[in-house]
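Every chain is numbered from 1 and lettered A, B, ... according to where its sequence line falls, protein lines coming before strand lines. Below, each value reflects all heavy atoms present in this structure, side chains not excepted, and no hydrogens, waters or symmetry copies.
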Number of protein chains: 2
Amino acid sequence: MPRTEQTNTAERILEVAQDLIQRRGYNAISFEDIAKKVGIKKPSIVHHYASKAALGRAVVRRYRSNFSSMLDDIARDPEKTAADALAFYFVPYLDFGATKDKICLCGALSGEFMALPKTMQTEVAAFFQDHQSWLEGILRRGRENKELQVVDEDPAAAAAWILDALHGSLIIKRATNDPGHVQRLVDSLKAKYIRSSSG
Amino acid sequence: MPRTEQTNTAERILEVAQDLIQRRGYNAISFEDIAKKVGIKKPSIVHHYASKAALGRAVVRRYRSNFSSMLDDIARDPEKTAADALAFYFVPYLDFGATKDKICLCGALSGEFMALPKTMQTEVAAFFQDHQSWLEGILRRGRENKELQVVDEDPAAAAAWILDALHGSLIIKRATNDPGHVQRLVDSLKAKYIRSSSG
DNA sequence: GTCTATACAAAGATAGAC
DNA sequence: GTCTATCTTTGTATAGAC
């Protein structure tokens, strides 16, 4: 009856669904799985999200939006150098890397991309494009400022390379059960792009 | 009745199943999908592979084995330099990259890794470990021979980086429908590691 | 080795009471 | 907004004829 509790159900469904997709993918999970974790019954989910596709789309959209807000905050912060921004960008990947069985939501969905509803495909594509653009902007700024070491490289190519490597590292760290995998990649990336204070 | 025809059915099932998984993942496909493409009925598949998990495992095992044979042939060929071997390694990725909706089998399976049968997980993990070891060996040889530019880098770290980037590039090229994505990454990798003949 | 027929469980989704 | 009950389809798998 308290209205505040009820409004949160839609949000809790999104959180649980996201967590499950990051672990197991989209086609392997069901309303039943989600309902159990939220502590409700299957039809209650349908009340909030008309279909599994609609729920899936809402999950990716929210994830993408949250990520973008964070990235924009960093990019706009006048106290942050391009090197700071790049280092901050790595943090969520390091966080996923530190878990045993979670990866980026959109990385998880990419394996079964062609078996995803069209509306979800659109959101996943937009996620990667957001990140490509953002990274490209940071690298370009860092090259002009000399805050980053982007010398013989096209910023667009470097951005794609970084994005490819980070997402690849997540799927491989989980498949090979290698806890240090992502950390080692990020160390390499930092060594390459971020001018070290000791050198 | 001709025995030669019948023996091939098991093989054709593997080929079709692999193709479907590379496009849509494991949990999104069914015996029905496979049977239709092979031109048989569902129960005929079960005759060759006792369960979906058994079929899935056979698909990955065969893929891994074929890939490894190719890699070993290249590595053992005395006429091939480390640079040749690395360039050859990129070819299958470029081939996947040239398709609209196919990626590496093990990359496709990695998104839903935790929702895979244990026996499949083992094969997928072994695939990535095979490739890590092989790349590491080639890079180490190339560094000693001076056939490759691996200077300030640990060969193990460089191998992981290359593997991460290639698999990441496949999932992102498909999600963003970017036909040149993998080619651009491979160009970057070649520029970095393979001493160009013109410079 | 392939088929028809069928068992059985799980999935997404709907109807309607509370 | 949540529930029970149910519909319908699809999935994996089995039984047994040919």
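- For the pair A/L55 CG and C/dA13 C1', the interatomic distance rounds to 14 Å; values are reported in whole Å.
- For the pair A/W134 and A/I74, the minimum side-chain heavy-atom distance is below 4.5 Å.
- Shown here is A/D152, whose CG atom has no more than 12 heavy atoms of other residues, nucleotides or ligands within 6.0 Å.
- In this structure, the separation between CD on B/E112 and CG on B/N27 is 4.5 Å, given to the nearest 0.5 Å.
- Put simply, NZ on B/K80 and CG on B/L86 are 13.5 Å apart, with the number rounded to the nearest 0.5 Å.
- Listed by residue number, there are no residues of residues 25-38 of chain B with a heavy-atom contact under 4.0 Å to DNA chain C.
- Look at B/S51 and you won't find any side-chain N or O under 4.0 angstrom from OP1 or OP2 of D/dT12.
- Using a 4.0 Å cut-off between charged nitrogen and carboxylate oxygen, B/D178 and B/R184 count as a salt-bridge pair.
- Judged purely by distance below 3.5 Å, without hydrogens or angles, the side chains of B/D72 and B/S69 never pair a donor atom with an acceptor atom.
- Side-chain contact of B/D164 with A/H181: a donor-acceptor pair under 3.5 Å is present, judged by distance alone.
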I'd like a list of close polar pairs between nucleotides 3-5 of chain D and the protein, N/O only, cut-off under 3.5 Å.
{"unit_1": "D/dC3", "atom_1": "OP2", "unit_2": "A/K41", "atom_2": "N", "d": "2.7"}
{"unit_1": "D/dC3", "atom_1": "OP2", "unit_2": "A/S44", "atom_2": "OG", "d": "2.7"}

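- The phosphate of C/dG1 has neither OP1 nor OP2 within less than 4.0 Å of any side-chain N or O from B/T9.
- To the nearest angstrom, P of D/dG16 lies 17 Å from NE2 of B/H47.
- Residues B/Q149 and B/R143 bring no donor and acceptor atom of their side chains to less than 3.5 Å of each other.
- The interatomic distance linking B/K52 (NZ) with D/dG11 (C1') rounds to 8 Å, in whole Å.
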